[in-house]
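Some notes on the structure that comes next.
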2 protein chains.
Amino acid sequence: MSEHINITEEEQARLLKCIGEVNRLRILKEILNEERCVTDIVNAIGKEQSLISHHLKHLKDCNIVVTQQRAKKIYYRLSHPRLAKIITQSGQLVKELPICQEKECNE
Amino acid sequence: MSEHINITEEEQARLLKCIGEVNRLRILKEILNEERCVTDIVNAIGKEQSLISHHLKHLKDCNIVVTQQRAKKIYYRLSHPRLAKIITQSGQLVKELPICQEKECNE
DNA sequence: CATTCATATGAATGATAACACATATAATAT
DNA sequence: ATATTATATGTGTTATCATTCATATGAATG
């Protein structure tokens with residue numbers, strides 16, 4: 001008998017993991033409100049072009065971003081408006097979480 | 001001159017990455033509405049106790065969960081109500097994302 | 001105080017992921 | 001057609017992470 005596996009749950013984890021990498025998160029913040037081409041993103045993040053392209057591919061494979069080509073440039077934007085909300089809200093949340101490195105701080 | 005590093009952004013990535021692992025996500029869903037002790041969680045998830053404990057520690061180190069001990073048992077709950085929203089919303093989002101494995105599906 | 005129940009921890013291993021470097025493709029301009 | 005600009009891809013290396021197994025701690029109970 002095969003294990004009970006919730007596909008959606010795995011997809012959800014994949015989505016969150018994909019967003020939860022610093023450089024990808026930075027990329028997403030760059031395109032939070034407006035589309036950007038790869039070169040714009042590379043300049044904004046200040047990392048190697050190939051690294052940015054790899055991350056963009058990862059984001060695309062997770063259906064987090066979609067692309068549109070115009071002339072030589074390829075523009076990336078979020079695939080769904082709700083993504084912006086989640087990114088913004090989780091950013092806000094981080095500031096509100098209890099900072100708690102010590103053993104008994106939550107008692 | 002040191003690089004410009006946004007600490008909050010790294011923390012945000014750490015948070016999302018921590019949530020973005022299947023077993024941890026399942027744990028979080030178990031305690032979404034009510035606290036649970038480790039044994040409850042182990043039974044619900046159906047994985048090794050030590051694995052669950054490791055993941056719980058990870059979640060605690062990221063300040064995502066807090067604990068309260070009563071007698072022999074240690075109860076875990078979310079550290080912030082906004083976490084439940086983000087978990088729920090990202091779950092909803094996954095269902096709404098365009099499924100797009102093909103090259104030109106978003107053109 | 002020895003046993004049991006509940007949970008945590010440490011170390012080892014295997015899997016996955018990030019990154020750099022080199023190179024390829026593809027569109028446009030000269 | 002060749003050069004240039006924009007982006008993608010393949011590969012190897014290193015680092016991070018999930019998992020297992022064994023063991024430890026700690027609280028309660030007989």
Side-chain angles (χ1 to χ4, degrees), chain A residues 3 5 9-10 13-28 30-31 35-62 64-77 101-104 106-107, chain B residues 3 5 9-10 13-28 30-31 35-62 64-77 101-104 106-107:
Chain A
E3 267 184 39
I5 292 174
E9 212 157 64
E10 298 200 341
R14 196 165 89 104
L15 176 91
L16 290 165
K17 184 176 288 176
C18 190
I19 301 175
E21 198 280 330
V22 194
N23 289 319
R24 284 196 294 268
L25 184 59
R26 284 174 185 152
I27 290 172
L28 291 173
E30 282 302 314
I31 62 174
E35 62 178 14
R36 297 245 188 255
C37 73
V38 180
T39 306
D40 289 344
I41 297 169
V42 169
N43 292 334
I45 311 279
K47 292 282 165 71
E48 282 215 357
Q49 175 266 318
S50 71
L51 178 60
I52 300 297
S53 270
H54 274 125
H55 282 313
L56 285 170
K57 176 168 167 42
H58 197 155
L59 288 165
K60 196 171 181 182
D61 287 345
C62 287
I64 293 171
V65 301
V66 293
T67 59
Q68 187 183 6
Q69 179 153 14
R70 290 202 295 281
K72 274 197 280 193
K73 300 191 172 178
I74 297 181
Y75 290 86
Y76 282 78
R77 63 175 195 279
Q101 260 68 264
E102 319 309 322
K103 275 265 146 63
E104 300 298 339
N106 46 25
E107 208 52 30
Chain B
E3 267 185 38
I5 293 175
E9 212 157 65
E10 298 201 342
R14 196 165 88 103
L15 176 90
L16 291 165
K17 184 175 288 176
C18 190
I19 301 175
E21 197 279 329
V22 194
N23 289 319
R24 284 194 296 267
L25 184 60
R26 285 173 184 154
I27 290 172
L28 291 173
E30 281 303 313
I31 63 174
E35 64 178 13
R36 296 247 189 253
C37 73
V38 181
T39 305
D40 290 343
I41 298 169
V42 169
N43 292 335
I45 312 278
K47 292 282 166 70
E48 281 215 359
Q49 175 267 318
S50 70
L51 178 60
I52 300 297
S53 269
H54 274 125
H55 282 313
L56 285 170
K57 177 168 166 41
H58 197 154
L59 288 165
K60 195 171 181 181
D61 287 346
C62 287
I64 292 171
V65 300
V66 294
T67 59
Q68 188 184 4
Q69 180 153 15
R70 291 202 294 280
K72 274 197 275 193
K73 301 192 172 180
I74 297 180
Y75 290 87
Y76 281 78
R77 63 175 194 277
Q101 259 68 264
E102 320 308 321
K103 274 267 146 62
E104 299 298 339
N106 47 26
E107 206 53 31

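Chain A is the first sequence line, chain B the second, and so forth, proteins listed ahead of strands; every chain is numbered from 1.
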Self-check item: Distance, nearest 0.5 Å, that separates OG1 of B:T39 from CD of B:Q49
Solution: 7.5 Å
Practice problem: Measure the spacing between OH of A:Y76 and CD1 of A:I52 and express it to the nearest 0.5 Å. | Solution: 11.0 Å
[X] [atom1] to [N] [atom2]: how many Å, rounded?
X: B:I27; N: C:dT7; atom1: CD1; atom2: C1'; value: 13 Å
X: B:E21; N: D:dC17; atom1: CD; atom2: C1'; value: 9 Å
X: B:N23; N: C:dT16; atom1: CG; atom2: C1'; value: 15 Å
X: A:D61; N: D:dT9; atom1: CG; atom2: C1'; value: 12 Å
X: A:K57; N: D:dA6; atom1: NZ; atom2: P; value: 23 Å
X: B:I74; N: C:dC5; atom1: CD1; atom2: P; value: 17 Å
X: B:K47; N: D:dA18; atom1: NZ; atom2: C1'; value: 10 Å
X: B:Q69; N: D:dA28; atom1: CD; atom2: C1'; value: 11 Å

Practice problem: Carefully, step by step, assess B:K60 and B:T67 under the rule side chain to side chain donor-acceptor pair (under 3.5 Å). | Solution: CA-CA 8 Å; B:K60 195 171 181 181; B:T67 59; 3.0 Å; yes
Quiz item: Taking for each residue the nucleotide of DNA chain C with the nearest heavy atom, is it A:L51 or B:V38 whose nucleotide lies nearer the 5' end?
Solution: B:V38
Quiz item: If you find the nucleotide of DNA chain C closest to A:E48 and the one closest to A:K17, which residue's nucleotide is nearer the 5' end?
Solution: A:K17
Exercise. Could you tell me whether A:K73 and A:E35 have a side-chain N and a carboxylate O separated by less than 4.0 Å?
Key: no
Quiz item: Would you call A:R26 and A:E21 a salt bridge, taking side-chain N to carboxylate O under 4.0 Å as the test?
Solution: no
Just to be sure I understand the rule, does [X] reach a base, reach only the sugar-phosphate, or reach nothing, if contact means heavy atoms closer than 4.0 Å?
X: B:R70; value: nothing
X: A:H58; value: sugar-phosphate
X: A:K72; value: base
X: A:Y76; value: sugar-phosphate

Quiz item: Between D:dA18 and B:R24, is there an OP1 or OP2 to side-chain N/O distance shorter than 4.0 Å?
Solution: yes
Any idea which of [options] is nearest the [X] side chain?
X: B:L56; options: C:dA18, C:dA8, C:dA6; value: C:dA8
X: A:H55; options: C:dT28, C:dC19, D:dA8; value: C:dC19
X: A:S53; options: D:dT7, C:dT7, D:dG10; value: D:dT7

Exercise. Please state whether the base of D:dC21 and the side chain of B:S50 form at least one donor-acceptor pair under 3.5 Å?
Key: yes
Quiz item: Does the base of D:dA8 carry an N or O that pairs as donor and acceptor with the side chain of A:Q49 under 3.5 Å?
Solution: yes
Self-check item: Stepwise side-chain contact (heavy atoms from CB on, under 4.5 Å) check, A:L59 with A:R24
Solution: CA-CA 8 Å; A:L59 288 165; A:R24 284 196 294 268; 3.9 Å; yes
Quiz item: Watson-Crick or G-U wobble partner for C:dA12, using a 3.5 Å limit on both distances?
Solution: D:dT19
Quiz prompt | Stacking of B:H54 on D:dT19 base (centres under 5.5 Å, planes under 30°) | solution = no
